[in-house]
There are 2 protein chains.
Amino acid sequence: MGRPRKFDETRALTAVMHTFWQRGYEATSTRDLAESTGMGLSSLSNAFGDKRQLYLRALRRYYETNTAVQTELLRRPGPVKDRVRALMTQAIDIDLANPPSSGCLIMNASMEMANTDPEVAQEVRRHFTTVEEAVRSALAEGQDSGEITRDQDAGTLAHHVLSAYYGLRVLARVRPDRTALTNVVETLLAKL
Amino acid sequence: MGRPRKFDETRALTAVMHTFWQRGYEATSTRDLAESTGMGLSSLSNAFGDKRQLYLRALRRYYETNTAVQTELLRRPGPVKDRVRALMTQAIDIDLANPPSSGCLIMNASMEMANTDPEVAQEVRRHFTTVEEAVRSALAEGQDSGEITRDQDAGTLAHHVLSAYYGLRVLARVRPDRTALTNVVETLLAKL
DNA sequence: GCCGTATTGGATCGGTCGCGCAAAAACTCG
DNA sequence: CGAGTTTTTGCGCGACCGATCCAATACGGC
């Protein structure tokens with residue numbers, strides 16, 4: 001009962017996500033969010049709470065979409081190195097898209113908010129942990145099949161791959177040179 | 001001539017740098033800057049210009065201090081791997097300091113501002129280019145002396161090291177686990 | 001000792017911020 | 001059709017934002 005909602009909750013949260021993604025938390029006003037969703041200010045706060053709650057919901061929406069894609073790439077069948085390469089290449093494609101994207105929302109959140117907002121920090125950690133576990137699992141599988149070196153255990157190797165992965169995305173923001181970024185990926189894979 | 005300044009320009013800019021470093025650009029108000037420098041709002045804008053100019057000055061101050069330390073570590077005498085390790089270890093020490101620091105100001109700037117402010121983007125690129133060249137130069141020296149593999153040329157290898165370096169600093173923000181971070185460093189060095 | 005000059009502290013400007021209130025609107029159920 | 005419930009709409013509140021203005025101040029040069 002009650003007046004029916006005019007908006008789709010998932011679509012609204014997706015719009016909110018993209019706005020926060022593009023501008024960051026502080027630079028986004030509640031009026032920006034109202035405009036990008038097509039909703040009124042009161043409808044937004046009535047449905048989702050205040051600005052900070054909206055941000056947390058946007059992070060969770062990102063988790064359900066983009067983070068899920070990353071882990072899915074790592075679980076596909078086929079050679080493990082191809083999966084890691086797919087993860088890296090997909091990130092390069094996103095970071096070098098036209099018009100230029102704003103990188104990884106979670107990385108942005110970790111820089112802007114994670115050291116001042118414990119709930120954001122926890123949400124950020126959740127993403128990183130999920131990706132880390134997917135990488136570790138894939139590498140362990142590769143070690144079993146002999147594709148991946150056993151010089152280090154899968155956990156250590158996963159940290160190594162993750163640092164290259166996130167470093168790659170930092171570099172992509174600063175110097176969008178696809179050739180150089182691809183070289184980084186191949187250099188990493190050659191040493192696994 | 002005129003009334004003498006009560007503040008030291010370098011000290012003021014250092015205070016401004018630390019405030020922006022800790023809170024980011026958008027979350028820092030001009031009144032925050034006035035408080036952290038001990039100056040009045042008028043004195044700040046009279047001496048340095050508006051908030052954005054202050055931010056750019058803070059980035060340049062960071063370049064003269066922190067970035068300079070990084071390149072200096074890479075130019076020291078001794079084994080090249082020890083220099084790279086020193087660079088990485090110093091970053092870990094900073095990122096895991098108590099009270100927890102806010103990582104690398106330039107990385108923060110690249111996430112928050114570099115895609116909307118061309119001047120900030122240029123300043124950010126300047127830092128990255130400087131560090132990259134210092135790493136490349138050190139690795140080339142190591143290749144000459146036989147310390148470093150010649151599987152790839154020094155430029156490609158430098159990108160590889162840089163991605164691990166910045167990825168390390170991303171991970172340090174999210175999971176301040178010194179053992180894991182140190183393992184990443186050693187895993188990288190072992191493959192050079 | 002007075003004048004020109006640069007800096008200082010304090011007040012204040014118009015604008016925007018996040019958030020909330022009150023009334024109209026649109027549905028379900030009795 | 002009317003009562004109850006939820007969302008929408010429009011407006012406005014107090015606070016804070018970045019930036020500027022202005023008078024008071026403190027120096028060097030004459």
Side-chain angles (χ1 to χ4, degrees), chain A residues 1-59 61 108-109 112-113 116-120 123, chain B residues 1-59 61 108-109 112-113 116-120 123:
Chain A
M1 56 187 75
R3 176 170 174 169
R5 286 187 169 176
K6 193 157 52 173
F7 67 93
D8 177 61
E9 183 159 316
T10 300
R11 291 182 69 87
L13 279 178
T14 301
V16 166
M17 178 188 79
H18 279 107
T19 304
F20 277 131
W21 193 353
Q22 189 175 6
R23 301 194 226 249
Y25 179 80
E26 292 289 349
T28 299
S29 71
T30 53
R31 280 142 179 108
D32 290 334
L33 298 174
E35 189 186 4
S36 68
T37 57
M39 299 169 63
L41 286 170
S42 309
S43 298
L44 267 176
S45 71
N46 176 63
F48 303 111
D50 62 10
K51 179 183 174 183
R52 193 174 149 278
Q53 294 299 326
L54 266 165
Y55 189 67
L56 289 168
R57 295 289 293 267
L59 293 183
R61 177 75 189 141
N108 299 348
E112 184 181 5
M113 299 283 290
T116 56
D117 190 313
E119 278 194 78
V120 171
E123 193 62 31
Chain B
M1 55 188 75
R3 178 172 173 170
R5 288 186 168 177
K6 195 158 52 173
F7 67 94
D8 176 63
E9 183 160 317
T10 299
R11 292 181 69 88
L13 278 177
T14 301
V16 167
M17 177 188 79
H18 279 108
T19 305
F20 276 131
W21 193 354
Q22 189 174 6
R23 301 194 225 246
Y25 178 79
E26 292 290 348
T28 299
S29 71
T30 52
R31 277 135 181 116
D32 290 335
L33 298 174
E35 189 186 5
S36 67
T37 57
M39 300 168 61
L41 286 171
S42 317
S43 300
L44 267 177
S45 69
N46 176 63
F48 302 111
D50 62 10
K51 180 184 173 183
R52 194 172 149 278
Q53 294 299 326
L54 266 164
Y55 189 67
L56 290 168
R57 295 290 293 267
L59 293 183
R61 177 74 190 143
N108 299 348
E112 184 180 4
M113 299 283 288
T116 56
D117 190 314
E119 277 193 78
V120 171
E123 192 63 32

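When reading the values below, keep in mind they use all heavy atoms of this one structure, side chains included, and skip hydrogens, waters and symmetry mates. To find a chain, count down the sequence lines: A is the first, B the second, and so on, and within it residues start at 1. It should be emphasised that the depicted structure is a prediction, and the values quoted were computed from it without experimental measurement.
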Nearest heavy-atom neighbours spanning [X] and [Y]:
X: A:A58; Y: A:V16; answer: CB-CG1, 4.1 Å
X: B:T30; Y: B:L41; answer: O-CD2, 3.5 Å
X: B:A27; Y: B:R23; answer: CB-O, 3.3 Å
X: A:A12; Y: A:T37; answer: O-CG2, 3.6 Å

Inset, instruction - Compare side-chain N and O positions of B:K51 against OP1 and OP2 of D:dC17 and report whether any pair is under 4.0 Å apart. - result: no
Whole angstrom is fine here: how far is it from [atom1] in [X] over to [atom2] in [N]?
X: A:D50; N: C:dC17; atom1: CG; atom2: C1'; value: 14 Å
X: A:R5; N: C:dA25; atom1: CZ; atom2: C1'; value: 16 Å
X: A:Q53; N: C:dG20; atom1: CD; atom2: P; value: 12 Å
X: B:K6; N: C:dG10; atom1: NZ; atom2: P; value: 9 Å
X: B:R52; N: D:dA19; atom1: CZ; atom2: C1'; value: 15 Å

Which pairs, protein N/O on one side and nucleotides 23-27 of chain D N/O on the other, fall under 3.5 Å?
residue : atom : partner : partner atom : Å
D:dT25  : O2   : B:R3    : NH1          : 3.1

Legend entry - Backbone N/O of A:S29 and side chain of A:D32: donor-acceptor pair under 3.5 Å: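 Such a contact is found between A:D32 side chain and A:S29 backbone.
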Legend entry - A:E112 side chain vs A:E26 backbone, donor-acceptor pair below 3.5 Å: yes
Inset, instruction - Answer whether the closest heavy-atom distance between the side chains of A:T14 and A:R11 falls below 4.5 Å. - result: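 No, side chains not in contact.
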Inset, instruction - Please list, by residue number, the residues of residues 15-48 of chain A whose heavy atoms come closer than 4.0 Å to an atom of DNA chain D; answer none if no residue qualifies. - result: A:R31, A:S42, A:S43, A:N46
Legend entry - Quiz item: cation-pi between A:K51 and A:F20, 6.0 Å / 45°: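 No, A:K51 does not sit over the ring of A:F20.
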